[in-house]
J.: 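This is the structure, below, for whatever I ask next.
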Amino acid sequence: MTVKLDQLIAQKMEERGVTLEEIAGLTHFLQSPYFPDLTIETCLENVKSVLKKREVQNAVLTGIRLDELAEEKMLGDVLQEMVESDYSLYGIDEILAFSILNVYGSIGFTNYGYIDKLKPGILGAIDKKGKTGESCQTFMDDLVGAIAAAAASRIAHRKGDELLE
């Protein structure tokens, strides 16, 4: 491949209205209460590190494409309806998010659940876009939340290691 996947993902996410800086903002939201000196720059570095993981890249590319296919009405009757409406019992969008969270341990699950419920920052904007029918965001909100939660977990693990030294 001539294009690095992490760069392709950043580009595709931006085309869908999400920047890595906005994801870093979510990461900062999650970790700044525990590490008051945490900077957005550090959060952004950790978001970029998360996006270098192959498992994360695969999940994000798959989710983005499924949202795109839903917008193009290309998923078939039943699947189309479930993805397009973000059907609450579908759950595959969360399964993709969980595959991202698994890379950085159990703390990612609690971080993810917290911001998925609150929908701060860009998550609220993504959710609104999906609910108004402006675009299909069934997978995007969960992917963004998972990337932010994974980056927050990465920070927590590294800071924890520093404290133990």
Side-chain angles (χ1 to χ4, degrees), residues 1-68 86 92-130 134-165:
M1 268 183 216
T2 56
V3 175
K4 287 187 170 186
L5 282 179
D6 57 328
Q7 293 170 349
L8 175 65
I9 288 167
Q11 175 189 333
K12 287 197 160 288
M13 292 183 90
E14 199 160 322
E15 288 170 4
R16 301 211 41 92
V18 178
T19 66
L20 298 186
E21 291 78 13
E22 289 168 317
I23 299 172
L26 292 172
T27 302
H28 190 267
F29 171 82
L30 287 166
Q31 285 302 299
S32 62
Y34 308 103
F35 306 109
D37 61 338
L38 184 66
T39 66
I40 290 289
E41 292 76 22
T42 297
C43 293
L44 182 58
E45 288 171 27
N46 281 276
V47 166
K48 288 178 178 179
S49 291
V50 167
L51 289 175
K52 289 187 184 300
K53 295 283 196 180
R54 183 61 54 139
E55 300 96 324
V56 174
Q57 294 169 345
N58 292 340
V60 174
L61 287 173
T62 300
I64 288 173
R65 189 62 187 135
L66 286 168
D67 278 346
E68 291 170 341
D86 200 0
I92 302 303
D93 46 338
E94 281 85 11
I95 298 298
L96 278 181
F98 293 165
S99 72
I100 293 170
L101 299 170
N102 278 332
V103 175
Y104 290 99
S106 60
I107 189 174
F109 286 90
T110 56
N111 282 331
Y112 171 75
Y114 180 64
I115 61 172
D116 188 49
K117 180 79 173 157
L118 286 182
K119 302 224 184 289
I122 187 62
L123 285 181
I126 294 168
D127 191 54
K128 184 178 177 186
K129 276 171 111 174
E134 184 179 330
S135 60
C136 182
Q137 300 291 331
T138 298
F139 288 90
M140 184 59 83
D141 67 328
D142 295 304
L143 295 169
V144 167
I147 294 165
S153 299
R154 188 173 191 278
I155 290 167
H157 284 285
R158 291 180 183 276
K159 293 284 189 182
D161 288 347
E162 287 174 16
L163 296 174
L164 293 174
E165 292 177 353

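The structure displayed is predicted, hence computed values, not measured ones.
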J.: Give a yes or no on whether a salt bridge exists between Lys129 and Asp141, defined as a side-chain N under 4.0 angstrom from a carboxylate O.
T.: no
J.: Taking all atoms of both residues into account, what is the closest heavy-atom pair of Ala151 and Thr27, and its distance?
T.: CB-OG1, 3.6 Å
J.: State whether the side chain of Thr62 and the backbone N or O of Asn58 hold a donor-acceptor pair below 3.5 Å, judged by distance alone.
T.: yes
J.: Could you give me the CA-CA distance, side-chain angles and deciding distance for Val103 and Val50, then say whether side-chain contact (heavy atoms from CB on, under 4.5 Å) is met?
T.: CA-CA 9 Å; Val103 175; Val50 167; over 6 Å; no
J.: Just how far is it from atom NZ of Lys52 to atom CD1 of Ile9, taken to the nearest 0.5 Å?
T.: 10.5 Å
J.: Would you check if the side chain of Thr19 reaches a backbone N or O of Glu14 as a donor-acceptor pair within less than 3.5 Å?
T.: no
J.: Decide yes or no on side-chain contact (heavy atoms from CB on, under 4.5 Å) for Leu8 and Gln57, but give the supporting numbers first.
T.: CA-CA 9 Å; Leu8 175 65; Gln57 294 169 345; over 6 Å; no
J.: If you draw a 6.0 Å radius around NZ in Lys119, do more than 12 non-hydrogen atoms from other residues or ligands fall strictly inside?
T.: yes
J.: Quick test of your reading of the model: are Glu68 and Arg65 salt-bridged, counting only N-O distances below 4.0 Å?
T.: yes
J.: Work out which heavy atom in Ile100 is nearest to a heavy atom in Ala59; give both atom names and the distance.
T.: CG1-CB, 3.9 Å
J.: What verdict does the side-chain contact (heavy atoms from CB on, under 4.5 Å) test give for Phe139 and Val60, after you've listed the backbone C-alpha separation in whole Å, the side-chain angles of each residue and the deciding distance to 0.1 Å?
T.: CA-CA 8 Å; Phe139 288 90; Val60 174; over 6 Å; no
J.: Find out whether Ile147 and Met13 are in side-chain contact, i.e. whether some heavy atom of one side chain is under 4.5 Å from a heavy atom of the other.
T.: yes
J.: Between Ile23 and Val47, what is the shortest heavy-atom contact and its length?
T.: CG2-CG2, 3.8 Å
J.: Give the minimum heavy-atom separation between His157 and Tyr104, together with the two atoms involved.
T.: NE2-O, 3.0 Å
J.: Drop me the distance from Met140's CE to Ile64's CD1, to the nearest 0.5 angstrom.
T.: 4.0 Å
J.: Within the structure provided, determine whether Glu134 and Lys128 are in side-chain contact (heavy-atom separation under 4.5 Å).
T.: no
J.: If every non-hydrogen atom of Ala149 is compared with every non-hydrogen atom of Leu101, which pair is closest and at what distance?
T.: CB-CD2, 3.7 Å
J.: In terms of side-chain heavy atoms, does Gln11 have a donor or acceptor partner in Gln7 at a distance below 3.5 Å?
T.: no
J.: Does His28 reach the main-chain N or O of Cys43 with its side chain, forming a donor-acceptor pair under 3.5 Å?
T.: no
J.: Using 0.5 Å steps for rounding, measure from the CG atom of Leu123 to the CD1 atom of Ile115.
T.: 5.0 Å
J.: Working to the nearest 0.5 Å, report the span between CG of Asn46 and CD of Glu41.
T.: 12.0 Å
J.: I need the Asp86 CG to Asp142 CG distance, nearest 0.5 Å.
T.: 7.0 Å
J.: If you measure from CD1 on Ile107 to CD on Gln31, what distance do you get to the nearest 0.5 Å?
T.: 6.0 Å
J.: For Lys48 and Asp6, what are the C-alpha separation, side-chain angles and deciding distance, and is it a side-chain contact (heavy atoms from CB on, under 4.5 Å)?
T.: CA-CA 8 Å; Lys48 288 178 178 179; Asp6 57 328; over 6 Å; no
J.: Which word best sums up how the rings of Phe29 and Tyr114 line up, parallel for under 30°, tilted for 30 to 60°, or perpendicular for over 60°?
T.: parallel
J.: Ser153 and Asn111: which non-hydrogen atoms are nearest, and at how many Å?
T.: OG-ND2, 3.6 Å
